[in-house]
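Structure first, then comments.
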Protein chains: 2
Amino acid sequence: MRQIIEERTGSYSRHASVPDMHGAYLRVAAHVTVLHEGDTARRIMEVVEGAMMLTKLLPDGRRQVVELLGPGDVFGLAACDVYACSAETLTTAVITTHDRGALDRDPALASRLLRRFETQLCAMHSHALVLGRMSALERVAFFLLRLMPESVVGGTLHLAMTRQEIADFLGLTLETVSRAFSELKRRGLVALLRADEVQINDRNSMRRLAGAA
Amino acid sequence: MRQIIEERTGSYSRHASVPDMHGAYLRVAAHVTVLHEGDTARRIMEVVEGAMMLTKLLPDGRRQVVELLGPGDVFGLAACDVYACSAETLTTAVITTHDRGALDRDPALASRLLRRFETQLCAMHSHALVLGRMSALERVAFFLLRLMPESVVGGTLHLAMTRQEIADFLGLTLETVSRAFSELKRRGLVALLRADEVQINDRNSMRRLAGAA
DNA sequence: CTCCCCGACTGATCTGGATCAATCTTAGAG
DNA sequence: CTCTAAGATTGATCCAGATCAGTCGGGGAG
């Protein structure tokens with residue numbers, strides 16, 4: 001069995017940095033910032049369990065959630081020598097890290113990460129279409145479909161994000177996201193059991209709104 | 001020397017597909033669609049020379065240019081088994097293709113593509129911030145800085161894109177892009193020698209507008 | 001149980017960029 | 001050279017979503 005290092009909530013403040021564990025698994029509480037945009041990029045990381053988000057900030061505080069990550073997704077990337085994004089857990093999460101040098105030494109790792117990068121790059125392409133060309137209602141429909149796998153039919157989706165976080169992901173304001181949820185409910189496409197518990201009732205209409213995504 | 005297969009303009013219609021050349025180099029004229037979103041994904045491609053753009057379409061015709069590519073950049077990606085984007089040359093270009101299976105067999109190739117994917121993924125993260133949170137003027141400033149490398153000081157940048165293509169890249173309309181160019185000119189940050197020939201006069205102000213990018 | 005507080009919702013108003021509608025400019029054709 | 005057509009610019013108006021301003025609701029502390 002693989003080693004799992006448990007880190008309790010209290011041992012990480014919201015802005016703590018991750019200790020330099022090599023190859024080990026690391027359990028992190030929800031709402032912890034694991035990486036900071038602009039810090040020196042030493043390691044590449046993978047989500048093993050849980051959900052995370054990558055964010056970028058403008059100098060004046062405007063924020064964009066650039067990517068949502070689930071198990072298998074890779075983060076800690078850098079175009080130059082510093083991290084391009086901050087990374088924050090949405091739920092309790094387990095992550096692994098790899099030395100950047102290991103990419104050349106370990107072909108199996110490189111091959112696996114390559115495949116994952118391809119998936120994530122395609123997801124970013126879709127997201128560019130969402131951010132650049134879709135209306136508010138379409139964006140929220142797209143968001144919900146993306147989070148709700150086909151398989152789950154009657155099930156309810158638990159949102160681990162606030163309206164503000166969803167807004168920062170979709171390039172909207174929290175008020176607009178809230179109105180979009182209400183409008184989808186009014187049209188009978190979704191049901192809101194609680195603010196963070198959504199049920200998709202009319203998948204076809206949702207798909208049509210989201211551009212057959 | 002590597003083999004270069006020259007393809008003349010006339011031999012490709014705007015919507016022709018690329019013949020199945022393995023590992024060879026292929027010269028393609030400007031404004032040729034090399035890949036079509038939704039086609040079966042057989043090969044992974046690399047830009048050797050020239051500039052290209054990747055686009056995605058919504059069913060109703062809205063278009064997003066999701067990525068701009070230069071030498072070294074990779075395209076022809078697929079999340080499932082079909083291409084996620086169409087790929088079109090902006091200038092005359094030289095491209096290579098690799099069999100998708102070669103990624104496992106050739107660690108050097110995998111390692112090189114991995115590095116490039118990382119760069120492109122970071123570029124997409126920046127672009128998400130641009131599309132989600134920046135004003136029209138900021139977007140255009142960011143776009144021009146990105147295209148104009150630091151080194152070139154007094155030089156002029158030749159835009160290989162129409163206002164419509166720039167608009168589709170930045171999530172705006174062509175009118176708004178045109179107005180942004182005029183505003184940057186009015187403020188003295190750029191000079192427009194011709195519609196497609198730009199000079200950056202005040203790099204610092206541009207950088208401030210673009211969010212210190 | 002009540003109280004408190006944070007997040008969600010909703011209404012009223014404002015505005016940046018979209019849309020609609022002419023020109024203007026400039027390669028390229030003849 | 002002139003003529004033409006495609007792209008760029010500019011102006012007028014409109015509207016989706018931002019902003020501002022409360023109110024609502026539900027889960028945790030006491």
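Computed from a predicted model, the values in this text were never measured in an experiment. Letters A, B, ... mirror the listed sequences (proteins, then strands); counts begin at 1.
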Test side-chain contact (heavy atoms from CB on, under 4.5 Å) on B:Lys56 and B:Arg62; report intermediate values, then the result. CA-CA 9 Å; B:Lys56 284 178 83 75; B:Arg62 280 174 287 175; over 6 Å; no
Round to a whole Å and report the spacing from [atom1] of [X] to [atom2] of [N].
{"X": "B:Leu174", "N": "D:dG7", "atom1": "CG", "atom2": "P", "result": "10 Å"}
{"X": "A:Arg133", "N": "D:dG17", "atom1": "CZ", "atom2": "P", "result": "13 Å"}
{"X": "A:Glu175", "N": "C:dT13", "atom1": "CD", "atom2": "C1'", "result": "13 Å"}
{"X": "A:Gln164", "N": "C:dA8", "atom1": "CD", "atom2": "C1'", "result": "12 Å"}
{"X": "A:Arg62", "N": "D:dT19", "atom1": "CZ", "atom2": "P", "result": "10 Å"}
{"X": "B:Asp196", "N": "C:dT26", "atom1": "CG", "atom2": "C1'", "result": "11 Å"}
{"X": "B:Met134", "N": "D:dA18", "atom1": "CE", "atom2": "P", "result": "17 Å"}
{"X": "B:Leu193", "N": "C:dA27", "atom1": "CG", "atom2": "P", "result": "12 Å"}

Return no unless some side-chain N or O of [X] is found under 4.0 Å from OP1 or OP2 of [N].
{"X": "B:Arg163", "N": "D:dT9", "answer": "yes"}
{"X": "B:Ser178", "N": "D:dT10", "answer": "no"}
{"X": "B:Arg194", "N": "C:dT26", "answer": "no"}
{"X": "A:Thr176", "N": "D:dA18", "answer": "yes"}

Within the modelled atom types, does a donor on one side and an acceptor on the other bring the side chain of A:Arg186 and the base of C:dT10 under 3.5 Å apart? no
Nearest-nucleotide wise, let me know which of A:Ala195 and B:Ala136 is further upstream toward the 5' end of DNA chain C. A:Ala195
B:Arg179 side-chain proximity, nearest of C:dT10, D:dG17, C:dT19: C:dT19
Side-chain donor or acceptor of B:Glu88 paired with backbone N/O of B:Met52 under 3.5 Å: no
Donor-acceptor pair, side chain of B:Arg139 and main chain of B:Leu172, under 3.5 angstrom: no
Under 4.0 angstrom, heavy atoms only, what part of the nucleic acid is B:Leu172 near: base, sugar-phosphate, or nothing? sugar-phosphate
Describe the nucleic acid contact of B:Thr162 in one word from base, sugar-phosphate, nothing, applying a heavy-atom distance below 4.0 Å. sugar-phosphate
Nearest nucleotide by nearest heavy atom, which residue falls closer to the 5' end of DNA chain D, B:Met161 or A:Gly171? B:Met161
Could you tell me the separation between the CG atom of B:Leu54 and the CZ atom of B:Phe75, rounded to the nearest 0.5 Å? 7.5 Å
Answer yes when A:Arg187 and A:Glu183 have at least one side-chain N-carboxylate O distance shorter than 4.0 Å, and no when they do not. yes
